[in-house]
Student: 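One structure is given below, represented as structure tokens, and several questions about it will come after.
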2 protein chains.
Amino acid sequence: MTTQYTGSPEDADLARADSLAREIFSDVANKWALLIIEFLGDGTLRFNELRNMVEGISHKMLTQNLRMLERNGLVERTVHPTVPPRVEYTLTEAGRGLRATVDTMCGWTRRYIGHIEASRRRFDT
Amino acid sequence: MTTQYTGSPEDADLARADSLAREIFSDVANKWALLIIEFLGDGTLRFNELRNMVEGISHKMLTQNLRMLERNGLVERTVHPTVPPRVEYTLTEAGRGLRATVDTMCGWTRRYIGHIEASRRRFDT
DNA sequence: CGGAATCCCAAAGGATACTG
DNA sequence: CAGTATCCTTTGGGATTCCG
């Protein structure tokens with residue numbers, strides 16, 4: 001993800017993989033996506049259940065992010081053809097892999113929340 | 001970060017910590033911040049060095065994110081009062097802690113890049 | 001109920017110019 | 001060189017409405 005290229009022919013592939021990695025990173029490294037992944041956890045949630053848990057997210061943002069996560073194969077979407085429709089979301093293996101790192105990030109927040117709060121107060125003067 | 005409140009008096013503090021955690025999460029969970037942290041690594045970089053490494057970032061976004069990271073105590077900024085000025089950025093302990101989780105995330109990307117690419121092709125039809 | 005589409009505003013973000 | 005300020009464009013994202 002931080003590679004340097006010398007211009008040799010097989011570098012083309014590496015450069016392609018690199019820009020793909022950056023694209024994936026950009027998709028995934030945003031708060032809504034990460035919060036959705038975190039709340040989904042090991043369970044299965046319906047659209048409006050997710051909407052209630054990820055507080056502050058709008059209908060539109062939720063669909064948008066769910067589509068994106070589905071497209072990248074992090075979330076599986078299963079539609080039960082009942083009426084009214086019932087749509088359930090769950091993490092794929094890849095999604096659970098990412099979830100593990102989000103967990104770490106949440107742990108980090110808990111660990112340093114004091115430092116951060118203090119640092120903010122110092123800075124805001 | 002995902003707590004439920006019953007309304008008891010001491011819940012006020014917990015709720016405050018929670019919303020603070022969400023705030024921090026929102027600050028930090030964006031691609032520019034995470035890329036800056038990743039590139040900073042264990043080293044020390046100047047403004048324009050960072051600018052060249054985090055490709056695609058604008059002057060404005062870089063300053064903005066560096067200020068934010070400094071405010072949260074993740075990045076330390078040292079100014080050498082020479083002419084022309086020399087400003088160096090380095091991760092604090094908290095910053096290095098977060099960097100570890102960003103590393104994990106980069107590892108995750110490398111691991112699943114194939115799955116993701118395939119999933120995208122399937123989806124885009 | 002889940003989602004697509006529309007409209008519309010506010011915020012993000014780029015380009016440029018100016019300062020110590 | 002690093003940073004602030006200004007301007008201007010593009011995007012994000014909320015509210016609403018309609019469809020299966």
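Labels below follow one simple rule: chain letters A, B, ... track the order of the sequence lines, proteins then strands, and each chain is numbered from 1.
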Student: Output the rounded distance in Å from CG (B/N65) to P (D/dT4).
Tutor: 13 Å

Student: Looking only at the side chain of B/S58 (C-beta and beyond, no hydrogens), which of the listed nucleotides C/dG20, C/dC1, C/dG14 gets closest?
Tutor: C/dG14

Student: Whole-Å distance between D/dT4 C1' and B/M68 CE?
Tutor: 18 Å

Student: Round to the nearest Å and state the distance from A/E70 atom CD to C/dG2 atom P.
Tutor: 15 Å

Student: Parallel under 30°, tilted from 30 to 60°, perpendicular over 60°: which one fits the rings of B/Y112 and B/H115?
Tutor: perpendicular

Student: Does a nitrogen or oxygen in the side chain of A/R51 sit under 4.0 Å from OP1 or OP2 of C/dG2?
Tutor: no

Student: With a 4.0 Å limit, can you tell me whether A/R86 has a side-chain N or O closer than that to the phosphate oxygens OP1/OP2 of C/dG2?
Tutor: no

Student: Can you tell me the distance, in whole Å, between the CZ atom of B/R67 and the P atom of C/dA12?
Tutor: 17 Å

Student: In whole angstroms, how far is the C1' atom of D/dT4 from the CZ atom of B/R77?
Tutor: 12 Å

Student: Taking only the side-chain nitrogens and oxygens of A/Y89, find out if one of them lies under 4.0 Å from OP1 or OP2 of C/dC1.
Tutor: no

Student: Is the shortest distance from a Lys or Arg side-chain nitrogen in B/R51 or B/E49 to a carboxylate oxygen in the other one below 4.0 Å?
Tutor: no

Student: Below 4.0 angstrom, N of the basic side chain to O of the carboxylate: do B/R120 and A/E23 qualify?
Tutor: yes

Student: Taking atom types as they are modelled, is there a donor-acceptor pair under 3.5 Å from the base of C/dG2 to the side chain of A/H59?
Tutor: no

Student: Output the single nucleotide from D/dC1, D/dG3, C/dG2 whose closest atom is nearest the side chain of B/P84.
Tutor: D/dC1

Student: Among D/dT4, D/dC1, C/dG2, which nucleotide sits nearest the side chain of B/T63?
Tutor: D/dT4

Student: Any sub-3.5 Å donor-acceptor pair from B/W108's side-chain atoms to A/A94's backbone N or O?
Tutor: yes

Student: Round to a whole Å and report the spacing from NZ of B/K60 to C1' of D/dT9.
Tutor: 11 Å

Student: So, is A/R46 near the phosphate of C/dC1, with a side-chain N or O under 4.0 Å from OP1 or OP2?
Tutor: no

Student: A/E49 has an atom CD; how far is it from atom P of C/dG3, in whole Å?
Tutor: 13 Å

Student: Rounded to the nearest angstrom, tell me the gap between atom CE in A/M61 and atom P in D/dG13.
Tutor: 5 Å

Student: I'd like to know if the side chain of B/S119 and the backbone of A/R71 have a donor-acceptor N/O pair within less than 3.5 Å.
Tutor: yes

